[in-house]
Amino acid sequence: MEFYVMTLFPQMIQQAVSFSILDRAQKQGRIGVHGVDIREYTQDKHRHVDDAPYGGGAGMVMQAPPVYEAYADICKTVGTRPRVAYMTPTGTPFTQKKAKELAKEEALVLLCGHYEGIDQRVIDEIVTDPISIGDYVLTGGELPALVVIDAVARMVEGVLGNEESAGEESFSGMLLEYPQYTRPATFHEQDVPEVLMEGNHEAIRRWRLERSMEITMRNRPDLLIPEKMSREERGIYERLREKFLEKSLAR
Ligand code: ADE
C-alpha cells in the first residue's frame, strides 16, 4: 500500500517512519511512504502557499491552487484518483474500524493543514475522508497523519510478523488488553501474579479475561455492551460490577 502525504514538512514524515516495524515494512516493499511537498507546487515567486482569510480574522489560510496541483500530480503517478484523508479537528473520529477500512486501499493520500486551515474549495473538490484523531487541537496535520499511517499500515497484510499479530488486542473486540509481565519475577518487591507462573492454560485464559474486563470497566466503561458478551464474559462482568459498586459505597 502506498501512502502519499501532502505537507509543508515532508522530512517530519520521512523521519518518523524510518524506525522499527514501518521501516521494515518499507524495506520489504509492503508499504511505501511518500512525502509530497506542497510548496513545490506554488506558482508564487516567493514560494508562498498561504494568504490572509477573506472576511478577516487571525492567522493565514493555505491556498487552494498548490494543494490541488500536488494532488493532481499524485493522481498522475498513481494512475487513479486515490481517497484523500484530510487531517482536521473538525473531521470524524479515527477508529480501529476506519484503519481496517483504509488498509484495503492500494493508495491513500493524507492531507496536512497548517495555519488556520485550507481554502474550503479545494477541500470540497478532493477530500473524501475528513479525520480527527481526538478532541484537541494540534499545530498541524503531520502528527495525525503519522498516527493514521501507523494504524493503517499494521492492518496491511504481512506488515506485522507472526510474533506481533493483530488478532487479540485492544479494540479488535470490545475489551481492552490485559496486563503483561516478563522477567525479573520480582521487581521493587512486587511479584508477578502467581497464576501466570503455574502453566495452567485455562486458568491463565480466565485470569486474563477478568483483567481485561476490569481495566475496561475502570478506564473505558463506554466500550462495554452487556448484550454483546458471551455467557462467561457476562458472568465476570456482573461479578466485577458488584465488587465496584461495593467499593464505591464503602468510600
Ligand atoms: N490537526 C490539528 N489537530 C488535529 C486533530 N486533533 N486531528 C486531526 N488533525 C488535526
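Computed over heavy atoms, backbone and side chain alike; hydrogens, waters and symmetry mates excluded. Remember, it's 1-based here, ligands and their atoms both numbered in the order they're listed.
- With respect to atom 7 (N) of ligand 1, the closest heavy atom belonging to the protein is Ile133 N, 3.0 Å.
- The part of Thr88 lying near ligand 1 is the backbone, judged by heavy-atom distances below 4.0 Å.
- With ligand atoms numbered from 1 in the order given, ligand 1 contributes 6 (N) to contacts under 4.0 Å with heavy atoms of Gly134.
- Heavy-atom contacts of Met87 reach the following atoms of ligand 1: 8 (C), 9 (N) (cutoff under 4.0 Å).
- The single protein non-hydrogen atom nearest to atom 6 (N) of ligand 1 is Tyr136 O, 2.8 Å, given as residue, atom name and distance.
- The number of heavy atoms from other shown groups lying within 6.0 Å of CG (Asp135) does not exceed 12.
- For the pairing with Arg83, the salt bridge (charged side-chain N to carboxylate O under 4.0 Å, His left out) check across Glu2, Glu106, Glu105 returns one residue only, Glu105.
- The cationic group of Arg211 lies under 6.0 Å from the six-membered ring centre of Trp207 and within 45° of the ring axis, placing it in a cation-pi geometry.
- In this structure, Arg234 contributes its side chain and Met229 its backbone to no donor-acceptor pair below 3.5 Å.
- Taking 4.0 Å as the cut-off between side-chain N and carboxylate O, Arg239 and Glu214 do not count as a salt-bridged pair.
- Taking atom 3 (N) of ligand 1 as the reference point, the nearest protein heavy-atom neighbour is Leu138 N, 3.0 Å.
- Heavy-atom contacts of Pro144 reach the following atoms of ligand 1: 8 (C), 9 (N), 10 (C) (cutoff under 4.0 Å).
- At least one heavy atom of Ile131 sits less than 4.0 Å from an atom of ligand 1.
- In Pro89, the parts holding a heavy atom less than 4.0 Å from any atom of ligand 1 are both the side chain and the backbone.
- Residues passing the side chain to side chain donor-acceptor pair (under 3.5 Å) test with Asp191 are Thr186, sequence neighbours excluded.
- Although no hydrogens or angles enter the test, the distance criterion places a donor-acceptor pair under 3.5 Å between the side chain of Gln14 and the main chain of Val33.
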